[in-house]
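Comments concern the structure below.
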Amino acid sequence: MPFPLARAARALLFAALAAASLFVVIEAGEVAESRVAESLAGDARQRAEIYAQSLEGVIERFGFLPAAAALDLRVRQLLSAPDDPAQVATVNAYLQRLSREAGAGVVYLLIPSGLTIAASNWNTAQTYIGQDFSYRPYFTEALAGRTGRFYAVGTLTGIPGYFISAPVIIDGAVRGVVATKVDLDPMEAVWREGTDRVLVADANGVVFLASDPALKLRATKPVAAAARQEMERTRKYGRADYPPIEPGRTETVGGAPLVSGSEVAPQSRVLFEEKPLPAYNWTLLLFADAAPVAIAGRSARLGAALGLIVLGLIGLYGRQHRRRVRENRAAQRELEAKVAARTADLSTANLKLAGEIEERARAEGDLRETQGELIQAAKMATLGQMAAGITHELNQPLAALRGLAENAGAFLRQGREEEAAANLTRIVSLVGRLGKITGQLRSFSRRSGTERVAVDVAAAIAESLAILSPRIRASGARVTTDLDPAAQWVVFEPIRLSQVLVNLVGNALDAVKGRPGAQVVIRAWAGEGQVVLSVEDNGPGLEGAALARIFDPFFTTKPAGEGLGLGLPISLAIAREFGATLQPRPMPGGGLAFDLALEAAAGPERMRHVS
């Protein structure tokens, strides 16, 4: 009777082990798929951001052309006498040269009725001259005194493009409109060479840019009747039917949406990423290959199964070995074998430990090198965040330089030398301003060292504020300084101190942006052997839980796409590297301050003497 019970117990044990093994194999596959899906989703988000930035760069590269042409004296004179053939020919030649030198598409001039009277393609079979574009939204917006923007298929050429327009204002009234057409076909050609499937849809869900031409002018969602009527009225796409795109089936793996059976990729499973483009009211859709997810799941399940088999074999071997030991009862030889095995293990462990010590030394060197690269990358990310503001800073002087140069030439031809000289003086001033802007960015982007030198606090603050000047103006905040004369010199490295200040002041500007009475104050005071730099703002501040995690990598309270959560951790690492401390401090009336305590220095001459 006991034997059948023992056999039944062993059968139940084996069944339980088999069930547990199956669970481990399935769970291993799911965990592997989740991790790979999360990694692919992160990569897809980064690539979607790159696609969006490249698209915006192609468009905004020519955003200044209509406004610059609207300031040209020849254009303004033609609008005063639109029927003068000589002036029409002059403006045609000017627009043709402007389009060729800028590398843009067509640049053309319209009168308030919507009729085109001059164009850069005046001598081609598809010239815009004589064409009425009054039905286009970009024309009506410019006629109302605003910059017009509109993507559409050309009614004359059938070639799609992005239209940008600017009003020509004379004596306070809009007398005409200058427009340019940006060709986005080269961007699509680049997309087609990649492995990702990229779509760009407008606010109505109509796809107008696609790496797969078969998906263009298809709809990602039902198009409302009112939207169809508006597109027909403005002749946006030159058609009334927008067949829907089959969405397929969606499943979530590791927080990432995976799509199967979609018309975008009918033969494979893809990872879906959506990137809004609020500046244009568009949406970029990215479909990335998700084959690595299935491969990782299969590999993990196979590895888990093989591991369990090996463990089972090891268990059987151990059981047989114990049986042989009990049968032979060779306790002495077993003991000797154990001693020998332990000695071998210790020798192996010693060798392994020596290898691990050497590996750790190499890892520490790699860590220091990686930290330096991360600090440099953070500076490049800061420069990227300031790119829009710097572009605006450069575009204004460049547009003004062109207008002043054209006017100076006109004055010289008319013998008005004093007015021409005044324009040249302004040109010199604008060139100096451009040099100052680019010089600040070049100095900030230069790779910094780790040498400890005497740094002028006021100069470092001034340099940082100069770099952040576009963001300061954009935020509408009032930035002031309160510097103790006794807190002039600190022991640090100039570029790294500037990087820390740019991070702290940049965070303060983000905190007060859009708030009434926004203010950021930078203070410096001397203590016992140290100088404290404080960046204070009157923003909403942070609660206890968020404040406790403020230096955690990738933790951020900013909206998605506006911060990676690396600025403060990198600033803390830089401060510690130079023996400084960085602490947050809630403000009594709301807001937040960061106190950077640094070692005080006697001055550059004293530092050289000490070294």
Side-chain angles (χ1 to χ4, degrees), residues 55-73 75-76 78-80 82 91 95 98-99 102 104-120 128 131-155 160-184 200 202-204 208 226-227 229-231 233-237 276-282 388-389 391-400 402-403 470 473-476 514:
L55 176 59
E56 183 178 357
V58 170
I59 293 174
E60 298 307 326
R61 174 186 173 191
F62 306 105
F64 71 96
L65 278 181
L71 297 174
D72 188 81
L73 183 61
V75 172
R76 303 168 78 88
L78 175 58
L79 290 175
S80 300
V91 174
L95 295 179
L98 179 65
S99 173
V106 183
V107 183
Y108 49 104
L109 175 66
L110 306 93
I111 59 177
S113 65
L115 185 68
T116 305
I117 62 172
S120 61
Y128 286 6
Q131 298 296 321
D132 184 1
F133 295 112
S134 59
Y135 56 88
R136 290 294 201 189
Y138 68 83
F139 170 77
T140 56
E141 289 183 13
L143 198 62
R146 301 184 299 271
T147 298
R149 291 171 176 266
F150 186 65
Y151 182 92
V153 175
T155 55
Y162 189 76
F163 296 86
I164 305 174
S165 63
V168 183
I169 301 177
I170 302 176
D171 297 331
V174 178
R175 300 298 177 85
V177 172
V178 178
T180 185
K181 180 180 180 181
V182 181
D183 185 8
L184 300 181
V200 179
D202 61 16
N204 299 314
F208 60 90
Q229 294 175 359
E230 177 63 17
M231 288 189 288
R233 185 188 68 80
T234 59
R235 308 181 196 178
K236 185 176 179 68
Y237 298 122
L277 302 174
Y280 310 99
N281 201 17
W282 298 343
T391 301
H392 180 70
E393 287 286 310
L394 295 177
N395 279 344
Q396 285 184 337
L398 287 174
R402 186 176 187 88
R473 287 192 294 273
S475 68

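- Looking at heavy atoms from C-beta onward, Phe150 lies out of side-chain contact with Glu141 at the 4.5 angstrom threshold.
- Arg235 places no side-chain N or O within donor-acceptor distance of the main-chain N or O of Thr155, the cut-off being under 3.5 Å.
- No side-chain heavy atom of Leu98 sits under 4.5 Å from any side-chain heavy atom of Asp72.
- Remark: Arg175 pairs with no residue by the salt bridge (charged side-chain N to carboxylate O under 4.0 Å, His left out) rule, at least two apart or across chains.
- The pair Arg149-Glu60 counts as a salt bridge, with a side-chain nitrogen and a carboxylate oxygen less than 4.0 angstrom apart.
- Considering all non-hydrogen atoms of both residues, Phe62 and Ala102 come closest at CE2-O, 3.2 Å.
- The backbone N or O of Gln131 lies less than 3.5 Å from a partner atom in the side chain of Thr116, making a donor-acceptor pair.
- Between Ile164 and Ile59, the closest heavy-atom pair is CD1-O, 3.9 Å.
- The shortest side-chain heavy-atom distance between Leu110 and Val178 does not fall under the 4.5 Å cut-off.
- The distance between the ring centers of Tyr138 and Phe163 falls below 6.0 angstrom.
- Tyr151 places a side-chain heavy atom less than 4.5 Å from the side chain of Trp282.
- Arg146 and Pro167 get closest at one heavy-atom pair: O-CD, 3.6 Å.
- The shortest non-hydrogen separation linking Ala142 to Val174 is O-CG1, 4.0 Å.
- Of the possible donor and acceptor atoms, none in the side chain of Ser99 sits under 3.5 Å from a partner among the backbone N and O of Val106.
- In this structure a side-chain-to-backbone donor-acceptor pair under 3.5 Å is missing from Lys181 to Tyr162.
- Residue Ser120 comes nearest to Gly105 through the heavy atom pair OG-O, 4.1 Å, listed as atom of the first residue, atom of the second, then distance.
- In this structure, CG in Leu55 is found 6.0 Å from CG in Leu184, a value given to the nearest 0.5 Å.
- In this structure, Tyr108 and Phe133 have tilted ring planes: the angle between them lies in the 30° to 60° band.
- Partner Arg76 forms a side chain to side chain contact (heavy atoms under 4.5 Å, CB included) with one of Ile169, Val91, Ile170 and no other, that one being Ile170.
- With rounding to the nearest 0.5 Å, the separation of CG in Leu73 from CG in Leu78 is 11.5 Å.
- By the salt bridge (charged side-chain N to carboxylate O under 4.0 Å, His left out) test, Asp202 is found to be paired with no residue, residues two or more places apart in sequence or in another chain being considered.
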Checklist entry - Going through the checks in order, is the side chain to side chain contact (heavy atoms under 4.5 Å, CB included) test met by Val168 and Val177? => result CA-CA 6 Å; Val168 183; Val177 172; over 6 Å; no
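- Expressed to the nearest 0.5 Å, how far OG1 of Thr234 lies from CZ of Phe139 amounts to 14.5 Å.
- Side chains of Met231 and Asn204 form a contact here, defined as non-hydrogen atoms less than 4.5 Å apart.
- At least one donor-acceptor pair closer than 3.5 Å links the side chain of Ser165 to the backbone N or O of Gly148.
- Taking all atoms of both residues into account, the shortest heavy-atom contact from Asp183 to Pro160 is OD1-O, 4.1 Å.
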